[in-house]
Structures are given as C-alpha cells and as structure tokens.
Number of protein chains: 4
Amino acid sequence: MASEKASAKALKPRRPQQERGRLRVAALMASAAELFAEKGFEATTMTEVAANACAAIGTLYLFFPTKEALAEAILREQAEEISSQLDCLSERMVGHAPAAIADALFALLGDFLKTHPAYSAMLDLPGDASWRRAIRIRRRNQISALFARAEPALNPEQAERIAVIVPQLMRIPLALTGEKRLRDGVVDELRQMLKAHLEAGS
Amino acid sequence: MASEKASAKALKPRRPQQERGRLRVAALMASAAELFAEKGFEATTMTEVAANACAAIGTLYLFFPTKEALAEAILREQAEEISSQLDCLSERMVGHAPAAIADALFALLGDFLKTHPAYSAMLDLPGDASWRRAIRIRRRNQISALFARAEPALNPEQAERIAVIVPQLMRIPLALTGEKRLRDGVVDELRQMLKAHLEAGS
Amino acid sequence: MASEKASAKALKPRRPQQERGRLRVAALMASAAELFAEKGFEATTMTEVAANACAAIGTLYLFFPTKEALAEAILREQAEEISSQLDCLSERMVGHAPAAIADALFALLGDFLKTHPAYSAMLDLPGDASWRRAIRIRRRNQISALFARAEPALNPEQAERIAVIVPQLMRIPLALTGEKRLRDGVVDELRQMLKAHLEAGS
Amino acid sequence: MASEKASAKALKPRRPQQERGRLRVAALMASAAELFAEKGFEATTMTEVAANACAAIGTLYLFFPTKEALAEAILREQAEEISSQLDCLSERMVGHAPAAIADALFALLGDFLKTHPAYSAMLDLPGDASWRRAIRIRRRNQISALFARAEPALNPEQAERIAVIVPQLMRIPLALTGEKRLRDGVVDELRQMLKAHLEAGS
DNA sequence: CATGAATGAGTTTTCATTCAT
DNA sequence: GATGAATGAAAACTCATTCAT
C-alpha cells in the first residue's frame, strides 16, 4: 500500500514565527475546513480556499506545500483538540458506569462534530493514507481506554468495538440537514440505543 | 423535408437497441461501480472506467453523457435492486416482531453492501443532487413501511428514525477493511444493539 | 431490365430499389441543408443529419464519404438549379435594359435564397475549397453574361462587378429574421439602389 | 472565519490586476482575432490561440472562461472602437449631405474592416447569441442616428434601412481575396451605387 | 443497401503547483 | 513573507468516420 508519492518532497508545513503569520494560517485552515465540509475535499480547489480566506494562492502554498498537507494539518489540529477533550472526559469519568460515559461521550462528540463539520468528512475519505488511519486508531484507542479506565470490568474487546461504533453513530444525524425535528429524534434514538446496550452488556 | 426537428442536441443518452449494446452497457456500469467503490467517485476517471471495461472512451460516452449520469445510472439500478429485495422482505415479515425484522434487515443490507460496495459510497456523497436525495428518501420510506406493516403497533415516528439509522449502521463495518475479526465483532455488536433497542421499545 | 432471376432468395426488383435509394439521398441532403442553414456547417454533426432524416449514420456514409462531400453535393445540386434558372432568365431577357434585368434577377435570387437558406451559408464559408470558388465563379460569369447578352453595350468590367455584387446584396435581408417589416423595406431599398445605379450607368 | 463565501465557482474570469497581465490579455485577444479572421471561429482551437500568443493554454483560460467568452471579449472591444469612431464621424458630419456621409462612412468602415478582419467574421455567425444581436443593433442605431443628425430631413425609416445595408455592403469586397483589381472596382461600384441612391432619395 | 455500435484522435476545460516580482 | 500571473499535465467530452452484422 506504500503509494506515498510525496516522498522526495519533504513535507514541511512551515511554522509561522510571527503573530500575523499565525493568524493567516488559522484563517487559511478555517477557510479550507469550511469548504471541505461544504463541498468535499476533492471538489474544493486551492484557489477557492485562498480566495475564501482573502489570501493569494501563493500565500496558501507558503504554509502548505500540497493540498493533502493542508488537509492533514487541519485534521491533525482537530484530532488534537478532540483528543484532549477525550482526555479531560476520561479524568472526569473515572468510576462512572458505561451508560453514563456513553451519555457524556455523546454530548462531547455531538458538539464537536457540529462545530467541526469537516472532521468526519475528512477522516473517512476513500484511499486513506497512513496518517489518516493513525488518527482513527488513536481516537479508537482513546475511547476504548476511556471505558476501560472508568469501568475496569468491561470486556476490553467490547470496549474496542464500542470505540469504533460511537464516532460513526454520531455522523448519522449530520446528514439530516433541513430536517431538524427528525435529526433531533435520531440523536435521541441513538443515545437510548447505545445506553441500553451498554447497560445490558455490563 | 425531415420534420421532427431532432430536439437540438439531446440525442446523446442513447439506450442500446441491440443485445450486444445491452451487454456493453452492463460491462461499463460494472467497471465503473468497481472503480467508484475502490477509489471513490472523484478519483475515478472516465478513461479508467472505459479501459477497465475494455472499451473506448467514446463508447462510454455513447451511453452516458457525463460522469454524473454514469453514477446516477448505476445508483438507480442498484437502488431498484435493493428496493425490490425490501419489498420481498416486507412480504415475508408480516406479523413478525421488530427484532426479527431487524435481524432480517441486517442480513439483507449486509449482503447487499458486501456485493455492491459502490452503493453506499455513491449514495452519500458531498453536494448531493436531488436524485440522490430522492433515492435515500425512497429507501427510508420503504424501510419504515416495512416495520409499520409488520408491526402496526410500532410508533411511526420511531419507525422513520430507525429507517434512517439502520442503513447507516450497516456502513460502519465497511470501513474496517483489513481487520476482519474486529469487523465481524462490530457487525454482531450493532445487531445486538439494534435488536435490544427494538425489543425494549416495543 | 426485368430481371428474371427468381431464385430461392427473393430478389427485390432493382428499379424500385434504386428509386428508394434516390429518395433516401434526397432526404439526407434535405436534412443536412436544413441543419446547415439553421446552425451552420461546423456546428452540425453527421449524427444529427442522419437522425433528422430518420436514417442511420451508416446510411449517411453510404452515400457521402465525408461531411465535406455532403456539403459539396448539396451545394452542387443547388448551384445546378440556380444555374439553369439563370439560363432561363438569360433567354427571356435578351434585349431588355439592365434595370429590367436587375428586377428579374432580384426576384429570381430572392426566391431562390428564401427557399434554399443553406445556399449562401455554405457557399461563403471560411477556408474555401477550390470547388467552392469554382461555383462562385461560375455564378459570377453567368450573371455577367446575362447582362452582356441582353445589353451588349454594357461595359463588361462593370457587368462582372455587378455579378459579384448582386448575389451578396440578396444575402442582406436574410439576416433580418424576426423583423419582417424592416426586411421587406430593405429588399425594396436594395432593389431601388441597384436599378437606379444601372440606369445611371448605362 | 472567512466570510465572503466566494460565490460558488464564479471566480474564473479574472481581470488582470497588474500591468503585465494587461499586456498578456491584449496579446491573447490579438492572437485569437488573427486566427478567427484567418480560419473562422469554429476551426480555431483554443490551443492554437494560446500557442500563437506564446502562452500556455492555462493562461488563456485564466482570463477567458470559454471560447465563446473570448470571442465576446474581442468583439465587444472592437465594437467599442468602431462605436467611438462613429461618434467622431457624427460630430464632423453635422450638416453634410447624405452622399457625403456615405463617402465618409465607406472610408471609415473600409479602413476598420481592413485592420480588423475578424470583426465581420465574428459578428455574423450562425446561432447568434443575444450579445451578438445587441452589438449589431447598437451599430445600426448609431449609423442611422448619424444620418438623422446630419440631415434631419431624411426619412428615419430609410435611415434605418441604410444603416442595415451599409455595413453589409462593406463585407462584399472582403471575400475577394486574391483579385485585387476586381476588389477595388467593387468597392468603387458600391460607393457610387450608395451615393447615387442617397442623392436621388433626398 | 442498411444499420448502429464502436473507435480514438482531437478539443475544451480544470486545477494543483511553481516562480518572478 | 506576499502576491497573482503563469504553467502544463491530465481530465472531461465531442464527433467524423469505420466496421461487423
């Protein structure tokens, strides 16, 4: 599977040393995330990303050597964010029952995906690169650890399966734009389903 | 005098009038479905689709005026197929409990997605056209009707929510290529989760 | 010519077969002429020509080896037609004054171009082939001969110039589709202009 | 936060923001005009246009989103030019007789068409778009106003007809490439014809 | 003669990426 | 750092023409 074509070219998203540069980079990433979420990674052009951030195309390439690198930077940042939130949650949830954890996880992931619509869209893309898989696995491990730490009695295999399932469950309501009532109902339905399952299984 | 004006330019999407043509079309659609499933819609080129079917690029465009039209034709065909399978299932399931239906639905959708790997990948694409939405809604209505018909006591709103959720649940294991054990475990976990939920809810 | 070869295979009578072929060819040429006039030579496709004549594309190529040959056949036929009409006119106009000839020519060309809208469009095309030039020159010579024969006193150089000008004058009103009043006025204006000029020059 | 939404896809027809860009655009338009005049609009390829201007194909599309848009840009520019020349002429010709105006108009249009060989070829094309019609009508109105202003006694309907006719008269000699003597004679003949007509009509 | 599926070179158009200023 | 013009390989799409039936 090693089809990494960017081998010769050292992948180096440059780190801006100045405050203005950092703002620039943030604006570019926000612009890209917005467009990726809206029309998908492939359908978004680098020119659009730059224009949407009121920057020149050259400026965009100043910080991100390729479109793929731009996606990776965004995804890494968002993964970092959710990772620390999961760490936080893990602290708070020690000793709680799986069902309680499920509730909290639902709230956390629901909020995150709503405010970061590009996250799922970018993480589950066809032709997944190794770094994409790594991010998914890290998230999976973190969630399964969350359950394991809170409730050591929980079957670790099941914890892993749950860790796979929960983030994907959260994507379901995202597709129901324009049907708010249904979407909220689906969120509740999913939460009940998961909680009931965890209560039954423990 | 040539009367019929030929409607400007719209003589492109020719449907095959001979047996050989019908075979060709089938081969082209199979080729496209295979590639769409493998590398995604955007990353697949029309040239590849044609070559993969041992046809010339012109032959492909003889039957499908655009790449989008090709995707639509494939999706419509597969949607038709699953639709009739759902009809069949609906017949057989009259009078069964929701949990039994869930089991049967799991089996049906699981098989279908395994043999039609392009289906989900193409149905849930960014920037969804109206025909895509129509297909999704039809499937949703059919599944909710399946539950409603088998178990008239079931809350119709819940049936709709379940109809939204189930097909998306089935997509989750698809992403787990190369982790067969985990994938099978996840399938079981999801089935149990859904069945338990439906049994509790009824 | 009656072929008495009544063998096992029913042999269709040859004459009707040729007759049918002649009708086919006429229909194809009519179809092409219609489309060429409507959207131009380049913008018309061979497929459209065939479809517009309710024939298969292969049938079209049975009679015309290339698109260019199709155009040439149409133009030659129409040129032949107008040529014989000009011959007729030449007979009738012997001894008439140039102004009278101009009137008659106006009527003849006006009718012809109105019923053969492809004629001008095809004769004056960019990148003119030699046969196109030949047709134009033949028409020019015929018209100048018409004047010379009727009125031998007329300056032959002027006759040639008039022969160049008149067919082009007739094209002017053709562009005024949808402004019938203006078009008719322009026709009159042109006729007066030409007649006055010829009367003054003689 | 990237506010301005970038209007979907319409950031293509970029107008040059630097001096160098303006030169490039001019060179591209000149290249296209040359080729359109030489081989016609349809027979000219965008690749040729770019190569003829020593530019890459992408550069051409940077400024002109389609071949049609390229034609429109050229035609609009040339129409603007002739329009201002007609304005100039209108100033100078106040109080002159129609015949004198005809002379001046002949000179002006003759020069213009000789130095802008693409103009007529592009303005009178099959399948005329609305913008093409608009340019023709503007020219017509300007010429008829020219007559009306110089000689208020002139019949306004006749002025309009003349305004339709004159530009088309000027096209006639253009077709006579390679027959210089004849062409010059035709120009004179046309001029006399028009002048005599206008003198007689007033 | 008739047919229409098939071809593939050629055309238009896109867009990630580079580079001179 | 910043800019935006420039690039060109690659993709979508067209259509005159051929050929097996």
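When reading the values below, keep in mind they use all heavy atoms of this one structure, side chains included, and skip hydrogens, waters and symmetry mates.
Qualifying side chain to side chain donor-acceptor pair (under 3.5 Å) partners for B:Ser31, counting only residues two or more places apart in sequence or in other chains: B:Asn52. Under the rule for a salt bridge (charged side-chain N to carboxylate O under 4.0 Å, His left out), B:Glu34 has no partner lying at least two apart in sequence or in another chain. For the side-chain contact (heavy atoms from CB on, under 4.5 Å) test, no residue two or more places apart in sequence or in another chain qualifies with B:Ala121. Here D:Phe41 pairs with D:Phe36 under the ring pair (Phe, Tyr, Trp, His ring centres under 6.0 Å) rule; sequence neighbours left out. Residues that satisfy the side chain to side chain donor-acceptor pair (under 3.5 Å) test with A:Arg76, not counting sequence neighbours, are A:Glu72. Checked against side chain to side chain donor-acceptor pair (under 3.5 Å), B:Thr47 has no partners two or more places apart in sequence or in another chain. Every residue two or more places apart in sequence or in another chain was checked for a salt bridge (charged side-chain N to carboxylate O under 4.0 Å, His left out) with C:Glu42, and none qualifies. Residues satisfying the salt bridge (charged side-chain N to carboxylate O under 4.0 Å, His left out) criterion with C:Glu77, sequence neighbours excluded, are absent altogether.
The side chain to side chain donor-acceptor pair (under 3.5 Å) pairs that include a residue from residues 56-68 of chain C are C:Glu68-C:Arg132, where partners are two or more places apart or lie in different chains.
Between E:dA2, F:dA5, E:dT7, one nucleotide has an atom nearer to the side chain of C:Arg24 than all others, and that is E:dA2. In this structure, the nucleotide among F:dT18, F:dC13, F:dT7 sitting nearest to the side chain of C:Ile57 is F:dT18.
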Show me the protein contacts with nucleotides 19-21 of chain E, counting only N or O atoms at under 3.5 Å.
none

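D:Gln78 and D:Ala33 get closest at one heavy-atom pair: NE2-CB, 4.3 Å.
Only one option out of C:Val49, C:Ile74, C:Leu28 pairs with C:Phe64 in a side-chain contact (heavy atoms from CB on, under 4.5 Å); it is C:Leu28.
Each of B:Leu60 and C:Leu60 lies near DNA chain E, and the nucleotide nearest C:Leu60 is the one positioned closer to the 5' end. Each of D:Ala56 and C:Thr66 was matched to the nucleotide of DNA chain F holding its nearest heavy atom; the match closer to the 5' end belongs to D:Ala56. When the nearest nucleotides of DNA chain F are assigned to D:Thr59 and C:Pro65 by heavy-atom distance, the more 5′-ward of the two goes with D:Thr59.
Straight-line distance from the CG atom of C:Leu70 to the C1' atom of F:dC15: 15 Å, rounded to whole Å. Rounded to whole angstrom, the span from the CD atom of D:Glu68 across to the P atom of E:dT11 amounts to 18 Å. In this structure, the NZ atom of D:Lys67 is 13 Å from the C1' atom of E:dT13, given to the nearest Å. Atom CZ of B:Phe63 is separated from atom C1' of F:dC15 by 16 Å (rounded to the nearest Å).
Listed in residue order, the members of residues 30-48 of chain D having a heavy atom less than 4.0 Å from DNA chain E are D:Thr44, D:Thr45, D:Met46, D:Thr47.
C:Phe64 comes within 4.0 angstrom of nothing in the nucleic acid, heavy atoms only.
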Pairing pattern in dot-bracket form [Watson-Crick, G-U; both distances under 3.5 Å; | = partner strand] for DNA chain E: .||||||||||||||||||||

